[in-house]
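In what follows, every heavy atom counts, from backbone to side chain, and hydrogens, waters and symmetry copies are set aside. In what follows, residues are counted from 1 in the order of the sequence shown. Since we're looking at a predicted model, the values are computed, not measured.
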Amino acid sequence: EIPDKELSKLLLAVDKDGSGEFEFVEFVEVVKLLLLKMREANQAEGTFEEMQGLVDELQQDIQDRTLEMNQCKRRVYDMRKGGALGPLAMEDKIEELGADVEMFK
């Protein structure tokens with residue numbers, strides 16, 4: 001839909017002879033310009049929808065990768081806690097002594 005102001009500007013621009021009357025040739029010119037504007041609007045809408053789809057896919061991919069990363073962190077934590085050497089081996093020793101591990105983090 002084209003606002004009235006824009007349509008008025010369009011009609012003034014198309015009235016080539018300044019007669020204030022809308023002749024057939026001028027009518028054809030207006031229709032042609034309107035069709036071009038409609039095509040541009042449709043293309044812009046299609047581009048927006050396409051971009052929105054890509055953004056949605058990227059957001060889902062980020063969520064999936066974040067979940068995978070958190071699962072990997074948990075596995076590493078569990079492996080270290082299960083006896084592998086590393087920073088968590090100290091936590092095991094602290095727990096063996098009956099101290100609160102959180103107090104040392």
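In Met69, the CE atom is crowded: over 12 heavy atoms of neighbouring residues, nucleotides or ligands sit closer than 6.0 Å. Enclosure of atom CG in Asp4 is not indicated, since only 12 or fewer non-hydrogen atoms of other residues, nucleotides or ligands lie within 6.0 angstrom.
Leu36 places a side-chain heavy atom less than 4.5 Å from the side chain of Arg39.
Transitive grouping of hydrophobic side chains (ILVMFWY, heavy atoms separated by less than 4.5 Å) brings Phe27 and Leu33 into a common cluster.
Expressed to the nearest 0.5 Å, how far CG of Asp61 lies from CG of Asp56 amounts to 12.5 Å. Here the CD1-CD distance, from Ile62 to Gln59, works out to 7.0 Å after rounding to the nearest 0.5 Å.
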### Query
For Val25 and Glu29, what are the C-alpha separation, side-chain angles and deciding distance, and is it a side-chain contact (heavy atoms from CB on, under 4.5 Å)?
CA-CA 6 Å; Val25 174; Glu29 187 67 22; 5.9 Å; no
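For the side chain to side chain contact (heavy atoms under 4.5 Å, CB included) with Gln71, the lone residue among Lys73, Arg74, Arg75 that qualifies is Arg75.
A side-chain N or O of Asp64 and one of Gln60 form a donor-acceptor pair less than 3.5 Å apart.
The side-chain hydrogen bond (donor to acceptor under 3.5 Å, both in side chains) pairs that include a residue from residues 40-49 number zero, where partners must be two or more places apart or lie in different chains.
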